[in-house]
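Chain naming here is simple, since letters A, B, ... match the order of the sequence lines and numbering starts at 1 in each. Since this is a predicted model, take the numbers as computed values, not measurements.
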There are 2 protein chains.
Amino acid sequence: MVKLAAVRSLHGQVVQELGRLIVGGGIAPGANLPREELLAERMHVSRTALREAMKVLSAKGLIESRQKTGTRVREVTYWNQLDADVLAWRCDLMPTDDFVEKLVEMREIIEPAAAASAARNRSDAELATLDAAYTAMADAVDRDAWAIADLAFHEAILQATHNELLASLFAVIETALGSYFQLSAQTASNFKYSLPHHKKVLDAIRRRHPEVARQAMLATVTDSRRNIRRHTKTTGAS
Amino acid sequence: MVKLAAVRSLHGQVVQELGRLIVGGGIAPGANLPREELLAERMHVSRTALREAMKVLSAKGLIESRQKTGTRVREVTYWNQLDADVLAWRCDLMPTDDFVEKLVEMREIIEPAAAASAARNRSDAELATLDAAYTAMADAVDRDAWAIADLAFHEAILQATHNELLASLFAVIETALGSYFQLSAQTASNFKYSLPHHKKVLDAIRRRHPEVARQAMLATVTDSRRNIRRHTKTTGAS
DNA sequence: TTCCGGTGAAATGTAGTACAAATAACCCTA
DNA sequence: TAGGGTTATTTGTACTACATTTCACCGGAA
């Protein structure tokens, strides 16, 4: 359900392939990749394209290259976990309950604070954007429309904080919501379930009441956590 | 005061140079870079090295390349603001009060929550690491030793949450503390000023009291915010 | 005039070769 | 056995050539 991006460039594909291989555990941290010439041949690309891909993975903290020694996978600690690609790969390949739990914890930390900040700092234009997103949620006719509007709602709040560092955490929220949609897709219950929660958040931000917004958002996230918990218990997977 | 990294590889230097140029506002978002051949010649490197550097900057969200159109600087919204390099460049080139304020806001959101989580999830080994960092702070004989120990203390807490997403935010904390050290360097007052605050945090985590840890950490950050405020008022710069 | 389609040119994308630089591993000597 | 120099291996850089994409221009038809 995550963006497949359909990377057209060749090195982009290599980034995807190697990135997923590493994040998925195909190559253990500390282990070496085959040497460039070999790997390039094996993947049917030129060394040029391969190297450009490896530079990207290196920027994401996944690998590290040194002359003579070769290229090796770095310890998980050094991975740029907040990178959109790394998040997407991880969530796609290892959506364990454990990881989903960590995503929810992030939401519980970030979003209530962001809602409070948005209530303090929002402009009228940003309120309008948020309002539009809420209306789209209310008018959604199916799950997809709801998901898009929901994402827009949460993004609008992050933008309204006027703190771009906070806004950059949208990648995390996006991933968390994505996995939530996927998990709650099987539970056939009403998908507009959380609309009232969102309305409280919207109203609080409109009236510039930071603490009310914080509490309302916390309730929203806590509620979705409970929703996931219920589902994982039901299926009882892994 | 941030890590200068002394990048040895050529494309690493190009990444630094172009990255700083872009983040520093030398090239406005939306504007195009010179074409590769030209830029490579101008920077006295091969097109190969330049392209590898541009792939890295592309991974950080700073630029975007398309055939025929060329390479252009992306809007600030798309920048990977949480990337360690981007943070370091920005803090180095534009340490405006405005930006420092945003860093502090991030700390106020992240660190109290992290302290609470650490109090719940810490292992004995992680407590020992935290304890060692505290001792090093207490024993610090100069500003540098204090700074190193202080960083270790805050990193240990993030690690103890057992949430690697949270831990990845250390780059933000590191940058924030770095700018704080730099700002408070001129104020000649006692640099161990905040030691008692840290002790309260440590004790709460030791005793596994999440809410106490949260409040103690919040007090610590709030206090440092006040400290910065006082300083900026004193100098009254920009 | 305006719209549509084809065509060319300009930029990035990919391939391949050759060589430079760093350094781990080996060997040779004292 | 220890020390130091040499070699071999791997990544790093340069250069060339060509492929691919796509904007922009031009020409013809409605």
Side-chain angles (χ1 to χ4, degrees), chain A residues 4-19 21-22 27-75 78 85, chain B residues 4-19 21-22 26-75 78-79 85:
Chain A
L4 289 186
V7 180
R8 45 180 166 277
S9 66
L10 196 51
H11 62 256
Q13 293 175 18
V14 176
V15 167
Q16 292 288 321
E17 191 167 343
L18 285 180
L21 184 64
I22 293 171
I27 307 177
N32 273 264
L33 270 65
R35 30 181 269 265
E36 294 179 348
E37 197 181 352
L38 218 89
L39 189 55
E41 188 185 8
R42 200 175 294 176
M43 301 186 74
H44 305 288
V45 298
S46 68
R47 214 187 131 200
T48 310
L50 175 65
R51 278 182 59 83
E52 291 184 355
M54 299 218 303
K55 286 289 160 283
V56 173
L57 294 175
S58 181
K60 297 182 188 302
L62 297 184
I63 61 176
E64 190 180 30
S65 297
R66 288 172 57 182
Q67 284 172 181
K68 171 72 181 179
T69 310
T71 304
R72 63 175 192 178
V73 178
R74 299 186 75 185
E75 295 299 323
Y78 296 106
D85 287 323
Chain B
L4 290 186
V7 181
R8 46 178 164 277
S9 66
L10 197 52
H11 61 256
Q13 294 174 16
V14 176
V15 167
Q16 291 289 321
E17 190 167 344
L18 285 179
L21 184 64
I22 293 171
I27 306 177
N32 274 264
L33 271 65
R35 30 181 270 265
E36 295 180 346
E37 196 181 353
L38 219 87
L39 189 54
E41 187 185 9
R42 201 175 294 175
M43 300 184 76
H44 305 288
V45 298
S46 69
R47 214 188 129 199
T48 309
L50 175 66
R51 277 183 59 83
E52 291 184 354
M54 300 217 302
K55 286 290 161 282
V56 173
L57 295 175
S58 182
K60 296 182 188 302
L62 297 184
I63 61 176
E64 190 179 30
S65 295
R66 287 173 59 183
Q67 286 172 176
K68 170 71 181 180
T69 310
T71 303
R72 63 175 192 176
V73 178
R74 298 185 76 185
E75 295 299 324
Y78 296 107
W79 293 3
D85 287 325

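Across all strands, A/Arg51 comes closer than 4.0 Å to base atoms (heavy-atom distances). At a threshold of 4.0 angstrom between heavy atoms, the contacts of B/Arg66 are confined to the sugar-phosphate backbone, with no base atom among them.
For A/Ser46, a side-chain nitrogen or oxygen approaches OP1 or OP2 of C/dA15 to under 4.0 Å. Phosphate contact (OP1/OP2 of C/dT14, side-chain N/O of A/His11, threshold under 4.0 Å): present. An OP1 or OP2 oxygen of C/dT12 is reached within less than 4.0 angstrom by a side-chain nitrogen or oxygen of B/Thr71. Phosphate proximity of C/dG8 to B/Lys68: absent, as no side-chain N or O sits under 4.0 Å from OP1 or OP2.
Checking C/dT14, D/dA14, C/dA24 against every side-chain atom of A/Thr69, the shortest atom distance belongs to C/dA24.
Between the base of D/dT22 and the side chain of B/Gln67 there is no donor-acceptor pair shorter than 3.5 Å. Between the base of D/dA14 and the side chain of B/Thr48 there is a donor-acceptor pair shorter than 3.5 Å. Below the 3.5 angstrom threshold, one finds a donor paired with an acceptor across the side chain of A/Arg47 and the base of D/dG12.
In plain terms, the two heavy atoms of A/Pro34 and A/Arg42 that are nearest each other are CG-NH1, 3.9 Å. Between A/Glu36 and A/Leu50, the shortest heavy-atom contact is O-CD2, 3.3 Å.
Counting to the nearest Å, the P atom of C/dT23 and the CD atom of A/Glu64 are 12 Å from each other. Between the CG atom of B/Leu50 and the C1' atom of D/dC15 there is a distance of 14 Å, rounded to whole Å. For the pair A/Leu10 CG and C/dT12 P, the interatomic distance rounds to 18 Å; values are reported in whole Å. Atom P of nucleotide C/dT14 and atom CE of A/Met43 are separated by 13 Å, given to the nearest angstrom. A straight line from CD of A/Glu37 to P of D/dT13 spans 18 Å, rounded to a whole angstrom. The interatomic distance linking A/Arg35 (CZ) with D/dA8 (C1') rounds to 12 Å, in whole Å. At whole-Å resolution of the value, CD in B/Glu36 and C1' in C/dG13 are 8 Å apart. Here the P atom of nucleotide D/dT11 and the CD atom of B/Glu52 are 12 Å apart, to the nearest Å.
Between B/Val45 and B/Gln13, every side-chain heavy-atom pair lies at or beyond the 4.5 Å cut-off. For the pair A/Leu21 and A/Ile27, the minimum side-chain heavy-atom distance is below 4.5 Å.
Between A/Ala49 and B/Gly70, the residue whose closest nucleotide on DNA chain C is further toward the 5' end is B/Gly70.
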Please list every donor-acceptor pair under 3.5 Å in which a side-chain atom of residues 55-66 of chain B meets a protein atom from a residue at least two apart or in another chain.
from	atom 1	to	atom 2	distance (Å)
B/Lys60	NZ	B/Asp83	OD1	3.1
B/Lys60	NZ	B/Asp83	OD2	3.1
B/Lys60	NZ	B/Asp85	OD2	3.0
B/Ser65	OG	B/Thr71	OG1	2.8

